[in-house]
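The sequence lines fix the lettering, A, B, ..., with proteins before strands; numbering per chain opens at 1.
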2 protein chains.
Amino acid sequence: MKEIKNRQLVQSYLQAHQLESIFNDDIMPYLSLYHFEQGELILSQGEPSKYLYVLVQGKIKIYTTSAQGKTLILSFKTPIEVIGDIEYVQEIDTINTVEAVSSVYMIGVQHTLLKKLTNDYSPFLQFMLTIITEKFYLKNNSMSFNLMHPVEVRLASYLLSVIHDENESILSGQLSTSSLADTANLIGTSYRHLNRVIRQFCSDGLVERKKGFILIKDREALTTLSGGNIYE
Amino acid sequence: MKEIKNRQLVQSYLQAHQLESIFNDDIMPYLSLYHFEQGELILSQGEPSKYLYVLVQGKIKIYTTSAQGKTLILSFKTPIEVIGDIEYVQEIDTINTVEAVSSVYMIGVQHTLLKKLTNDYSPFLQFMLTIITEKFYLKNNSMSFNLMHPVEVRLASYLLSVIHDENESILSGQLSTSSLADTANLIGTSYRHLNRVIRQFCSDGLVERKKGFILIKDREALTTLSGGNIYE
DNA sequence: TCTTCGATAGGACATATGTCCTCGATTCTA
DNA sequence: TAGAATCGAGGACATATGTCCTATCGAAGA
C-alpha cells in the first residue's frame with residue numbers, strides 16, 4: 001500500500017464517480033488516495049479495521065477463509081464500490097479478505113474521523129444505504145442461486161456474466177483459463193468438478209477449449225441452461 | 001392482515017423496543033399497527049412493495065422461491081427486525097416471501113410517506129444502516145457456512161442454535177419434529193437427507209428420536225462437530 | 001538438447017445428496 | 001369400527017461433487 005499525496009487526483013476520482021456530493025467539506029481534507037499493487041492484500045480477515053475504502057480504479061477479489069482453511073471467493077468488484085462498510089457501521093473486525101487483482105486505487109478514510117464528521121450528514125448516510133442494500137441484494141441472489149442450482153447452471157451463468165463484462169470490448173466470447181481455479185471457488189465447487197462440467201459443455205458443443213482460454217460457441221444454449229439467472 | 005387502530009399501542013411497542021428516537025414527529029401519525037394470523041403471508045415475492053414493516057411481536061419466516069419452484073428458507077426472525085428495507089431503499093419489488101409463523105404484530109409505514117418525511121432524518125438513516133449491515137453480516141455468515149460445510153455440520157450447528165433459542169425456558173434439549181421439513185429447507189438440504197443424518201446422529205448417540213421431537217443427548221459432541229460455528 | 005519442474009486435464013474411486021417409492025402408523029370420516 | 005386419507009421414516013437407486021493420483025505438456029534451466 002502506498003499513499004498517493006495528490007489532492008488533485010482525489011478530487012478528480014470523486015468527480016469521475018460523482019461522489020463529491022456525498023462527502024461534506026469537513027471530511028474532504030481527510031480523504032486519502034491509496035495505491036495497491038496487483039496481488040497485494042488490502043484487508044485481511046480478522047484484523048481490526050480502521051479505514052473505509054472506496055474502490056475507484058482496478059479490480060479486487062473478496063474471499064473468506066473458514067476455520068478449516070477452506071477458502072471461498074465471494075465476489076469480484078470493480079468501481080464504484082465501498083469496502084469495509086459493514087465493519088465501519090458495526091464497528092467490528094475485518095470480515096473478509098480483500099485482494100487486489102489488478103493495480104488498484106482506493107480512496108480511504110479513517111473510521112473515527114468519518115464518524116465524527118459525517119455521522120449526521122444525510123447524503124452520506126443515504127449513499128451508504130444505497131450501496132449496502134444493493135450489495136445485500138446481489139449477494140443474496142448469488143448465494144441462494146448457488147444453493148439451489150447445480151454447478152452446470154452456475155457455470156453457464158458465470159460464463160455469460162463474464163462475457164458481458166470483459167467482452168464488451170474485443171474478446172467476444174473467451175474466458176481466460178488461467179483463472180479456472182478462482183472460477184471454481186467463485187461458483188462454489190472444486191477445480192476438478194469444474195473441469196468435468198467444462199468437458200461436458202465441450203462435448204455438447206456449448207463451448208470449445210482452446211489453448212489458454214475457453215471459447216463460447218453457443219450463447220443461446222448457455223442462456224437457456226442458466227435459466228435466465230445471471231450472476232451480477 | 002388487520003389494522004389495529006390504537007395509537008396508544010403503537011406507542012407502547014415503540015417504547016418497548018426503544019424505537020421512538022428513530023422516528024421523528026412528522027412521521028409518527030402515519031405509523032400503523034398491523035396484525036397477521038399464524039400462516040398468513042405478509043409479503044409475496046415479486047409483488048410491488050409499498051410498506052416498510054417493523055416486526056414488534058411474533059415470529060416470521062422468510063423464504064424465496066426459484067423460477068423452478070424450489071423453495072429455500074432464508075431465515076426465521078423475531079423482534080426487533082425490519083422487513084422490506086432493501087425494497088424500500090432500492091425501490092424494487094418484493095424480493096422474498098414473508099410468512100407469519102405465529103400470531104404477528106408489525107408496525108408499517110408507506111414508502112412514499114416515509115421517504116418524504118424522514119429521508120433527511122439522520123437517526124432513522126443510522127438505524128436503517130445498523131439494521132441492514134447486521135442482517136447482511138448474519139446472512140453472509142450462514143450462507144457461506146452452508147456452502148462450505150456438509151449437512152452433518154450444519155445440522156449440529158442448527159440444533160445448538162435452536163436449543164439456545166427455545167430452550168432457555170423449559171425443554172432443555174428438544175426439537176419439535178413437526179418442523180423437520182422446514183429445518184431441511186433452512187439448512188439447505190432435502191427432507192430425506194436430513195432424516196439420514198439424524199439417523200446417523202442417533203446411532204452415534206448424539207441425539208435420540210422421541211415421538212414428536214428430537215432429544216439432544218450429547219451437547220459436547222455436537223459442539224465439537226459444529227466446529228464452533230453457529231447459525232445466529 | 002536433455003532433464004526437471006510446475007501446471008493442467010482427466011481417470012478412478014469415495015461421499016454427499018437428491019428423487020422416487022413403499023411401508024407402517026396415525027388420524028379422519030362416514 | 002372399517003376404510004380412506006395422511007404423514008413420517010426409511011430403502012433403493014441415480015446424480016452431483018469431492019479427493020487423490022497420474023499422464024501429459026510446455027517452460028525453465030543445466
Asks: Output the single nucleotide from dT17(C), dA9(D), dA16(D) whose closest atom is nearest the side chain of Leu180(B).
Replies: dA9(D)
Asks: Quick one: is Arg209(B) getting a side-chain N or O under 4.0 Å of the dA9(D) phosphate, OP1 or OP2?
Replies: yes
Asks: How long is the span from the NZ atom in Lys61(B) to the CG atom in Asn185(B), to the nearest 0.5 Å?
Replies: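 Reported value, rounded in 0.5 Å steps: 8.0 Å.
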Asks: So if I take residues 193-206 of chain A and measure heavy-atom distances to DNA chain D, which residues fall below 4.0 Å?
Replies: His193(A), Arg196(A)
Asks: Give the ring-plane orientation class for His149(B) versus Phe145(B), where under 30° counts as parallel, over 60° as perpendicular and anything between as tilted.
Replies: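 Correct class here is tilted.
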Asks: In whole angstroms, how far is the C1' atom of dA9(C) from the CD1 atom of Ile214(A)?
Replies: 12 Å
Asks: In terms of relative ring orientation, are Tyr34(B) and Tyr53(B) parallel, tilted or perpendicular, with 30° and 60° separating the classes?
Replies: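 Tyr34(B) and Tyr53(B): perpendicular rings.
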Asks: What is the distance, to the nearest angstrom, from the CG atom on Asn185(B) to the C1' atom on dG18(C)?
Replies: 13 Å
Asks: For the atom pair CD (Gln57(B)) and CG (Leu9(B)), what is the distance rounded to the nearest 0.5 Å?
Replies: 9.0 Å
Asks: Starting from C1' on dA12(D), measure out to CZ on Arg192(B) and report it in whole angstrom.
Replies: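 Rounded to whole Å, this separation is 10 Å.
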Asks: Nearest 0.5 Å please: distance from the CD atom of Glu87(B) over to the NE2 atom of His111(B).
Replies: 7.0 Å
Asks: Look at the side-chain N and O atoms of Tyr191(A) and state whether any lies under 4.0 Å from the OP1 or OP2 oxygen of dG18(D).
Replies: no
Asks: At their closest point, which heavy atom of Leu129(B) faces which heavy atom of Met128(A), and how far apart are they?
Replies: CD2-CB, 3.9 Å
Asks: Need one value for Thr189(B): base, sugar-phosphate or nothing, where a base atom within 4.0 Å counts as base even if backbone is also close, heavy atoms only.
Replies: sugar-phosphate
